[in-house]
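Below is one structure, written out as structure tokens; comments come after it.
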Amino acid sequence: MDAGRLNQTLSEMAARAMREALGLESPNPELRPATDARFGDYQINGVLPLAKELKENPRKLAEKVVAALDTGGICLAPEIAGPGFINLRLDPAWVATALGAAAADARLGVAPVGDPQSIVIDFSSPNVAKRMHVGHLRSTVIGDALVRTLKFLGHTVVGDNHLGDWGTQFGILIWAWKRERDEAALAADPIGELERLYKLGTERGKADPEVAEACRQELAKLQAGDAENKALWERFVAISKEAAATVYERLEVEFDAWHGESFYHDRLHGVVEGLLERALAVETQGAIGIFFDEPGLPETPYLIRKSDGAFLYATSDIATVEYRLEAYGADRIIYVVDVRQSDHFRQLFATIRKMGYDVKMEHVGFGMMLGADGRPFKTRDGGTVRLDSLLDEAEARILPLVTERWPDASEEEQRAIARKVGSGAVKYADLAQNLTTDYKFDWDKLLAADGNTGPYLQYTLVRCASVFREHVARFGAEFAVDGSPLRLEADEEKELAFFLVRLGDTLERVGEQLRPHILCEYLYALARKFNAFYAKCSILGADDEATRRSRLTLVQATYRTFEIGLSCLNIPRVSRM
RNA sequence: GCGCCUGUAGCUCAGUGGAUAGAGCAGCGGCCUUCUAAGCCGUAGGUCAGAGGUUCAAGUCCUCUCAGGCGCGCCA
């Protein structure tokens, strides 16, 4: 029995019962977590819709299903309620045994999936010659969380940083570099100088058509393979990657591939020719584009070649899909990109379907980051907020609290904790909200130690760690879980234990729906249940040894759940704060 | 003009067609002699933007209206 995926296990059992009792081929049991604790832990809703179809009283149908239902000891006897719901209660004895055993397992009983998929996740993707700013935060943090969660579930995942390292901006940059670069500034702050040059080149180009033409010439030379320009381009890319790497290091984000747009450069010509040959793309006003006649898709064509012969973003994205199919045998490709690009992705996905490829493609689109005032998040003078300064500020705001709470730690330790709590808070605030809407960034809210915040979860983990430290102090040895059943007596113990067995269900849902906030909600609810248990039940001071061992095992299971959950979200763990 | 997204408690947000819509913050009232009080417990707060419709059942699905955000051929 897979104790890690209860929803799936019980759903299969319910489906079997419905098949046998009602003679249906593929019934949908609609098994869900109960909407209210009074109704038990899970409910089967699938009988109700069948009443009309089978022309029978829904409660009678439910009775037949219940008679055929065998949960193998996971649940107590099912109850029929209301118009025909079947309510399932987990058997406390089963929970006590299953969780007692799972606490000894590093994966808390959540086995890797039996049929792993090959999944590519395209995320972060900063542009060359631009410093990473808050606009990159959501893609980076959400993409990273999806990579880690899907990997934990057992899939083969490639997290790919699809850098914007090719395109018209390089003509401008090369032009400005050749005339305006400041070597001193370049040595002191390479990416800052590139950013300045790019801005300068863009302004000059707008003001002066001759400059714009000169930029195009530089671009043409680069594309033709001119040695000097190619060397410059390589240098720009190296500087930009290095700057991005510093931010990734602070966020502890890693990629499996860094295949920027330039990586696909050689394929673009073939992509366009292939689409023309198959008449999927046509010439339109001198350019080449693909037209769609599908509801929900823009009427404007998806352009893959400009009238001047240059390729576009779309061309490169098509080539990228083909590469991912060839190189990774991708079953699923996920783009974690700003929702404003949803038209582009709808057209891309439609193109891939027209080309006949069989791959599941999803756009995880997220909203903008707004300030607490509801307007786009900017610095006081209206500039974009740099990602590194955002992390600096988080750290600076947390540090006084750490020094106050833990004055005897070394300054180095205090800074290390402030760094982890600060970046964890920033990341968690981003992950905890549903993706689709714009997200309001509010320092006071995200750094608060209560409510649904990173610090609250980290603090809860600290409490678990603290119990184990105190155990060593009092009993002279580390506590070791032995896998024996728990003893669940207090309401707080039961609630905690019954919730801990839902980790697998939760991770499964995140993997399906690609919404990390589902995991955040779960961990937050878990933290609340743990803290209620912690306040009510003395752990080390329990009345007898058996209760103490059982409670310590509960702490251990909670600790492991946080380790797994926070590591999937990539929120740093601390053992003190 | 066309398309996409959003509208739930004073504020910030959850809510998988299912039973009496939930959290946090802010407010009010309690709890440290005891494993970290960055915590816990209690209390109060709702025309789910509005109107129709589908359904045994609608905050959730469909249509329209209103309000806000975003996007709409050779940028990425």
Donor-acceptor contacts, no H, no angles, side chain residues 416-426 of chain A, under 3.5 Å, sequence neighbours left out:
{"from": "A:Ser423", "atom 1": "OG", "to": "A:Arg419", "atom 2": "O", "distance (Å)": "3.3"}

query: With distance as the sole criterion, is a donor-acceptor pair present between the side chains of A:Asn452 and A:Tyr428 under 3.5 Å?
result: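 Yes, a side-chain donor-acceptor pair sits under 3.5 Å.
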
field: Exercise: do A:Asp317 and A:Tyr302 side chains pair donor with acceptor under 3.5 Å
entry: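 On atom types as modelled, these side chains do not qualify, holding no pair under 3.5 Å.
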
So what does [X] hit on the nucleic acid, given a heavy-atom distance under 4.0 Å: a base, only sugar-phosphate, or nothing?
{"X": "A:Gln513", "result": "nothing"}
{"X": "A:Cys520", "result": "nothing"}
{"X": "A:Thr437", "result": "sugar-phosphate"}
{"X": "A:Ser307", "result": "base"}
{"X": "A:Gln341", "result": "base"}
{"X": "A:Ala287", "result": "base"}
{"X": "A:Pro49", "result": "base"}
{"X": "A:Ala535", "result": "sugar-phosphate"}
{"X": "A:Leu540", "result": "base"}
{"X": "A:Gln458", "result": "nothing"}

query: Do A:Ser240 side-chain atoms and A:Ala129 backbone N/O form a donor-acceptor pair below 3.5 Å?
result: yes

Between [atom2] of [N] and [atom1] of [X], the distance in whole Å:
{"X": "A:Phe311", "N": "B:G73", "atom1": "CZ", "atom2": "C1'", "result": "17 Å"}
{"X": "A:Leu61", "N": "B:G18", "atom1": "CG", "atom2": "P", "result": "20 Å"}
{"X": "A:Phe533", "N": "B:C35", "atom1": "CZ", "atom2": "P", "result": "15 Å"}
{"X": "A:Arg38", "N": "B:G18", "atom1": "CZ", "atom2": "P", "result": "16 Å"}
{"X": "A:Ile304", "N": "B:G73", "atom1": "CD1", "atom2": "P", "result": "17 Å"}
{"X": "A:Leu431", "N": "B:A14", "atom1": "CG", "atom2": "P", "result": "13 Å"}
{"X": "A:Glu495", "N": "B:C40", "atom1": "CD", "atom2": "P", "result": "14 Å"}

- prompt: On a plain distance test, is the side chain of A:Gln433 in donor-acceptor contact with the base of B:A14 below 3.5 Å?
  reply: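 Answer is no: no donor-acceptor pair is held.
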
So, using salt bridge (charged side-chain N to carboxylate O under 4.0 Å, His left out) as the criterion, who are the partners of [X] when residues are at least two apart?
{"X": "A:Arg397", "result": "A:Glu393"}
{"X": "A:Glu413", "result": "none"}
{"X": "A:Asp408", "result": "none"}
{"X": "A:Glu294", "result": "A:Arg353"}

For [X] and [N], is the shortest distance between a side-chain N/O and OP1 or OP2 below 4.0 Å?
{"X": "A:Asn434", "N": "B:G15", "result": "yes"}
{"X": "A:Tyr439", "N": "B:U12", "result": "no"}
{"X": "A:Thr168", "N": "B:C75", "result": "no"}
{"X": "A:His517", "N": "B:G15", "result": "yes"}
{"X": "A:Arg515", "N": "B:G15", "result": "yes"}
{"X": "A:Arg463", "N": "B:A37", "result": "yes"}

- prompt: With the sugar-phosphate defined as primed atoms, P, OP1 and OP2, and the base as all remaining atoms, what B/S/- string results for nucleotides 23-34 of chain B, 5' to 3', for protein heavy atoms under 4.0 Å?
  reply: SSS---------

task: Please confirm whether A:Phe345 and A:Tyr335 have ring centers closer than 6.0 angstrom.
output: yes

query: Can the ring centres of A:Phe377 and A:His133 be said to be less than 6.0 Å apart?
result: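 Here the rings of A:His133 and A:Phe377 have centres that are no less than 6.0 Å from each other.
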
message: Applying the 5.5 Å / 30° rule, does A:Tyr459 stack onto the base of B:G39?
response: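 Aromatic stack with B:G39 absent for A:Tyr459.
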
5'-to-3' dot-bracket of RNA chain B (Watson-Crick, G-U; under 3.5 angstrom; crossing pairs as [ ]; | other strand): (((((((..((((....[...)))).(((((.......))))).....(((((..]....))))))))))))....

Please list, for nucleotides 65-72 of chain B, all pairs of protein and nucleotide N/O atoms separated by less than 3.5 Å.
{"from": "B:G69", "atom 1": "O2'", "to": "A:Asp438", "atom 2": "OD2", "distance (Å)": "3.4"}

- prompt: side-chain hydrogen bond (donor to acceptor under 3.5 Å, both in side chains): which pairs involve residues 165-174 of chain A, sequence neighbours left out?
  reply: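 For residues 165-174 of chain A: A:Asp165-A:Ser262.
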
task: Could you tell me which residues satisfy side chain to side chain contact (heavy atoms under 4.5 Å, CB included) with A:Pro400, sequence neighbours excluded, listed by chain and number?
output: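 Per chain and number, A:Pro400 pairs via side chain to side chain contact (heavy atoms under 4.5 Å, CB included) with no residue.
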
message: Among residues at least two apart in sequence or on other chains, which ones pass side chain to side chain contact (heavy atoms under 4.5 Å, CB included) with A:Arg576?
response: A:Trp406, A:Arg469

message: Can you work out whether A:Leu48 or A:Ile417 has the more 5'-proximal nearest nucleotide on RNA chain B?
response: A:Leu48

query: For RNA chain B, whose closest nucleotide is more 5', that of A:Phe291 or that of A:Asn127?
result: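 The residue closer to the strand's 5' end, by nearest nucleotide, is A:Phe291.
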
- line: Applying ring-ring contact (aromatic ring centres under 6.0 Å, His included) to A:His471 and not counting sequence neighbours gives A:Phe475, A:Phe479

B:C32, syn or anti by chi within 90 degrees of zero: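 That one's syn.
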
